[in-house]
Structures are given as C-alpha cells and as structure tokens.
Amino acid sequence: MVRLLTILSIAAVLAMQPVASQQPSCGDLLEQAESIRAMRDRNAAEGVERGRELLERLADSAVAECTAGVMMVHGAVASNLHILGEHEAAIEAVDQALVLAGDVTDPVRIASVRRTAGVVFWEIGAHDRALEHYLAALEASRAADDIGGAARAAGNIGNLHNSLGNWEEARVYHGQALEGFEEIGWQEGIAGTLVNLGALAARMAESHAEAGDSEAARAEHQANFDYNRRALGLFEELENPRGIAYAADNIARALIHLGRVEEALDYHEQSLELRREVGDTTGVVNSLQTGADAYLALGREDEALALLAEAEALVPGENRVLLQQILRRQVSALETRGDYQSAFRRLERLMSLNDAQATEDLAARVEQLQQTFRADQLERELALERARSEVSEQRLRRQRLIIAGSIITVVLLLVVMALLYSRLRLGRRVSHTLDRAARTDPLTGLSNRRDMSERIDRALLRRNEDNEPSSLIMADIDSFKRINDTLGHQVGDDVLVHVANLIRNQVRGVDVAARWGGEEFLILLPGTRESGARSVSENLRRAIEESPPRVSGRPLSLTMTFGLTEIEPGAGFNDLVKRVDDAMYAGKARGKNRVVSTAELAS
C-alpha cells in the first residue's frame, strides 16, 4: 500500500511539471511559410492569421536555429497583407523580414523577401525603393543560378517600368521573365507574365489613342485581349482563383475598348466575384472600376457611380493612386449626367490629393466646372424670375421686367467678379504650392538640389560683381549604407530627418541648407569666410556626434564628415561643387568624423 501511494505521488508531481512546447523543425517552418504565402491566391485574410499565430508560437530559440524560416514567415505575412490592401502593416512585416535577412546566407530566399518588399513599396508609389529591392532580388537569383527567381524579379522590374511609361525597358524585362519561366516549365509564371504583357499592351494603346492613332490603339487592345485569354486558360488549368480574376478583369478592359461591352460585363462579374472570395482588396477596387467603365460606355451613369462609390469606400487610405483613378471616373460620370455641383466637389477633392502635382489643365477644368455650375444656377434664377413676372398684373409687367433686368445685370457682374477672384486665388495657391514643392526635399523639408543650385549661382554672381564673400560646406553621413542594410530604410529615413533638424537648428536664418542627394547635404553661408565656415562645420560635427538619434529606445552612434571652401572670384558652379566634394572625400579617407577645407588640400 505504501508503495502504491509513493508511485501515485510521483505521478502527481510529474503531471504538475510544464510540458516543453514543441517547436517546428527548420524544414517544417520553411514549408509552413511557403504554404502561408500561397494562401494569398485563395484566402489572404486566413494567411495573415495563420502566419501571425505561427510567429507568436515561435520561441527565441527557433529564430536562432532557423532564421531563414522565421524570415520567410514574416515575408509570407507581408505578401498576404499586401493583397488585403493593408499596406502599412505589410511594410512593417517585410521590414522585419529584411532585418533577419542580414543573418541569412541563402540567396534564393533573400531574393524572395526582396521581391515581396519591392511589390509592397511599388503598390504605395515608392518606385525608387521598389526598384532597389527588385534589382537586389535579380542579382541574388542570378548569383544562385535560380532561373525561376530571376524571371520573377525581371517580371517585377518590367511592371515597374510599365507604370513609369518606360515601355521598351518593360518589354525587355517581361521578355526575360517569359523566357525564364518557359525554360523551367512553370505554368503559373508563364500565365502571370502573359498578364503583364497584356498590361503593357493596354498602356501602349492609351499612348496611341492620345496621339490620335486609333488603328494602332485597337491593335494593342486586341493584343491585350489575346495575352489575357491565353493566361486565363492557364490559370483555369491551375485552379488559381486570383490569377483567373486578374486575367478576366484585363479581358473585360480590352473588350470595352474593342466595343464588345456586354461581353466585357460577363468577365467583369467573374473577376469581381473571385476577388471578393480571395479577399484581394486592391483587386476588388480595380474590378469595380472596370465595371464602372463598362456601364459608362453603355450610358448607364447611375450604375457606374454606384460601383465607384463602393470602390472609394474600399480604397486603403495611403493608396492615393487608386483614389485619384476613382475620382476622375466619378467626375466624368457626374458631368455626363449633368450634376455639375457634385462633379465640382469631386474635382476639388482630386486637386487636394494631387497637391503639388496639380497642373494648369486641372485648374482650368475646375474653372470650367465653376462657370458651368454658376451659369446653371443663374439660369434657374432667371427662369424663376420670368415665372413671377408672367403671373403679375399686366400693368406692372414692364416695370418688373426693368427691375428684373437690373437684378440680372448685378448678379452677372457679381458672378463674373467672383469667378475672376476665385481664378486669381486658385492660380496663386497652385503656383505657390508648386513652387514650394519644386524647391523642397519631401523627406527632410530642407531645400532640394534645384533650389540650392540656383542659390549657389546667385552667390557666385555676388562674389564676382560685389566681392561679397560666401562659403560652401558639403556634409556626408558616415557609414550610412550600413544603417540602411542592417536596420532598414525606414530607420535610414529617420536618421536623415534627424540630421536635417540638427543642421536647421545650427545655421542662421540667411544660410541655406539642402539635401544634395542620398545622405549628402550642402550648406551655403552668405557673407562668411572660410574660418567662419570651419566653425559652423565643427559645431555641426560635435552636435551630430553628441545628439545621436534613438532607434527602439537606444541611441544610434552617428558621425558626419565635412568638406568646406570659400567661394573665390571667377569660380564656376561645377568646379566649386567638385572642390568641396573632394575636400569631403579627403576627410573620409583620413578616418571620417572630421572637417577638411580645400585650403588644406592645396597646402
């Protein structure tokens, strides 16, 4: 009996001990990451949920033992978030993957994460960052002799060039992608590239149409249709709903331009239904716009506006491009329907989105809508006035007509004055906004290269004509590439903003500080000799070294190297910039975190 009690006691103690959680092996983790990534084509929301649950279960030991697997899970989550249109969350996820990539040696998987990052940044219009990731992915894939990976990266780069209007470059990269996919026999890649070639044909059709070449435009629309019909067949064989939806939507767009609108609506409905099932938010918005274009072509403006209202409600807040497309279609539909007041409100919102990109054509269109709306309102007022005159007594008709004529004249004068004043204010506001944007670096708020170049030219002129001294400083953040590579470009941008604020606080009101390019800054000091410029440089160097930016609550060690020169009489722009650049690089060669003048190099 005692023995039995002892055994039961030991069993009870063991039952109370925590059971070690089972962590997946590295191979299992990589397989799960690939499975989660594939869910973007069928159920992106579930893909995000599964990925995040897996990451929560992983212990720190799993990260150490299989960094590549954890990296790929983050990348898979980012890919699904991108499909859902949650771009800020997608950027956060892909940044976490890129941080882990520094400890991964497998170029194929690094290329995969880089491609995902490129797609996410391309979606929000950050084309320079997207291209950086795409090129890195292409280089890594080629180095690993990964034909499929290189083909994918080439296709991504082709899409980027297509969106920028570089169609010859887009055609070359899409050709490389198709050749690679056909070599390895990957049907899904072939289908995707056919869709991309169709998109390129559609853009070229738009260009031909704008140039008045309707025959060439129709040929490109037919090519778009043919590419996507072939792609649709492949996606149907693969049972890939997301691919089927994209191809069907592109076919619908081509059919609208080919005059086969009723047929286009069938493909539109197929695409919209599949995209809703997959959870492809951006895709749903695009399908709704396609349907709106079809209804507009059929003269069914109310149905088109209903689809556009639904699309507007789904657009992620940061996707300005999609919202601009919807607003343009709404303006067109409202104008066709004769609702000029609503069209004017839509156009005002479009202008606020365009901000510094607002053009004179857009301003002229606003003015035209204003005039149309005012004229329509005035016409209704005149009709009311005439109705009142007709029911008045016959003996007072002439007097009332004279009064009405006077009122009309005054109203017309007021309307004309209001239009002129509105046009003047709009022109000044647009001109001021465009000029400020054209001279300001969007990230740091400092002057940009154009503004600084003009100010240096004026300083050279004052030196030559009035003998007014000025000095120029070039500053470069030391080891900035390491910050970007190890901590990510968002941290790099934060560092640039931090440095810009320190420079702004150190210089005088008459001085000009500009972001010259990348991590380089130029500072123009009017009325300052070389000794004064050295003092400013040393103060800045110490301030940057002693006031580091903080990353995740910890200070990030940061230094800068400075080159300076006093502007000499007869100096030319290019020679001046080269001399100060040479001085700065001499400081880099001497160990960085120092100030070097051109006078020191000459001695």
Audit row: Arg550, Arg554, side-chain contact (heavy atoms from CB on, under 4.5 Å) steps and yes/no = CA-CA 5 Å; Arg550 303 187 74 82; Arg554 298 180 179 180; 5.5 Å; no
All heavy atoms of Gly118 vs all of Ala130, minimum pair found to be O-CB, 3.3 Å
Just by distance, with hydrogens left out, do Asp478 and Thr559 show a side-chain donor and acceptor under 3.5 Å apart?
-> yes
Test item: side-chain donor near acceptor, Arg515 and Thr444, under 3.5 Å | no
Kindly give the heavy-atom pair with the smallest separation between Val512 and Met452, and that separation in Å.
-> O-CE, 3.4 Å
Is there a donor in the side chain of Asn593 and an acceptor in the side chain of Glu545, or the other way round, less than 3.5 Å apart?
-> yes
Smallest heavy-atom separation, Leu472 atom then Leu522 atom, equals CG-CD2, 4.1 Å
Rounded to the nearest 0.5 Å, how far does CZ of Arg109 lie from CE of Met72?
-> 6.5 Å
Give a yes or no on whether the backbone of Leu460 and the side-chain of Asn464 come within a donor-acceptor separation of less than 3.5 Å.
-> yes
Got a sec: does the CD of Glu139 have more than 12 other heavy atoms crowding it under 6.0 Å?
-> no
Correct closest heavy-atom pair for Ala140 and Ala111 would be CB-CB, 4.0 Å
Strictly by modelled atom types, are Glu312 and Gln330 linked by a side-chain donor-acceptor pair under 3.5 Å?
-> yes
Look up atom CG in Leu524 and atom CG in Asp511, then write down how far apart they are to the nearest 0.5 Å.
-> 7.5 Å
Trp516 to Ser453 - nearest heavy-atom pair and separation | CH2-OG, 3.6 Å
Please report the C-alpha distance between Tyr340 and Leu347 in whole Å, then the side-chain angles of each, then the deciding distance to 0.1 Å, and finally whether the side-chain contact (heavy atoms from CB on, under 4.5 Å) criterion is met.
-> CA-CA 10 Å; Tyr340 299 111; Leu347 199 54; over 6 Å; no
His161 and Glu168 side chains, donor-acceptor separation under 3.5 Å | no
If you draw the axis of the six-membered ring of Phe121, does the NZ or CZ of Arg129 fall within 45° of it and under 6.0 Å from the ring centre?
-> yes
Which of His489, Arg115, Arg114 passes side-chain hydrogen bond (donor to acceptor under 3.5 Å, both in side chains) with His133? It is Arg114
Test salt bridge (Lys or Arg N to Asp or Glu O under 4.0 Å) on Glu519 and Lys481 and set out the steps.
-> CA-CA 9 Å; Glu519 67 271 24; Lys481 184 176 185 301; over 6 Å; no
Can you check side-chain contact (heavy atoms from CB on, under 4.5 Å) on Val331 and Phe344, steps first, answer last?
-> CA-CA 8 Å; Val331 170; Phe344 177 61; over 6 Å; no
Is the closest side-chain donor-acceptor distance between Arg463 and Asn467 under 3.5 Å?
-> yes
Report the C-alpha separation of Arg534 and Glu530 in whole Å, then their side-chain angles, then the decisive distance to 0.1 Å, and conclude whether the salt bridge (Lys or Arg N to Asp or Glu O under 4.0 Å) test is met.
-> CA-CA 6 Å; Arg534 175 174 288 278; Glu530 182 176 305; 5.4 Å; no
Glu348/Arg345 under salt bridge (Lys or Arg N to Asp or Glu O under 4.0 Å): CA gap, chis, key distance, verdict = CA-CA 5 Å; Glu348 279 190 319; Arg345 286 198 297 267; over 6 Å; no
Nearest-0.5 Å distance, OG of residue Ser470 to CZ of residue Arg529 | 9.5 Å
What distance separates Lys578 NZ from Phe573 CZ, expressed to the nearest 0.5 Å?
-> 14.5 Å
Approximate separation, where rounding is to 0.5 Å, of Leu327 CG and Ser332 OG = 12.5 Å
Where is the tightest heavy-atom contact between His498 and Ser547, given as atom of each residue plus distance?
-> NE2-O, 2.6 Å
To the nearest 0.5 angstrom, please state how far the CD atom of Glu600 sits from the CG atom of Leu564.
-> 7.5 Å
Do the side-chain N and O atoms of Gln96 and His74 include a donor-acceptor pair separated by under 3.5 angstrom?
-> yes
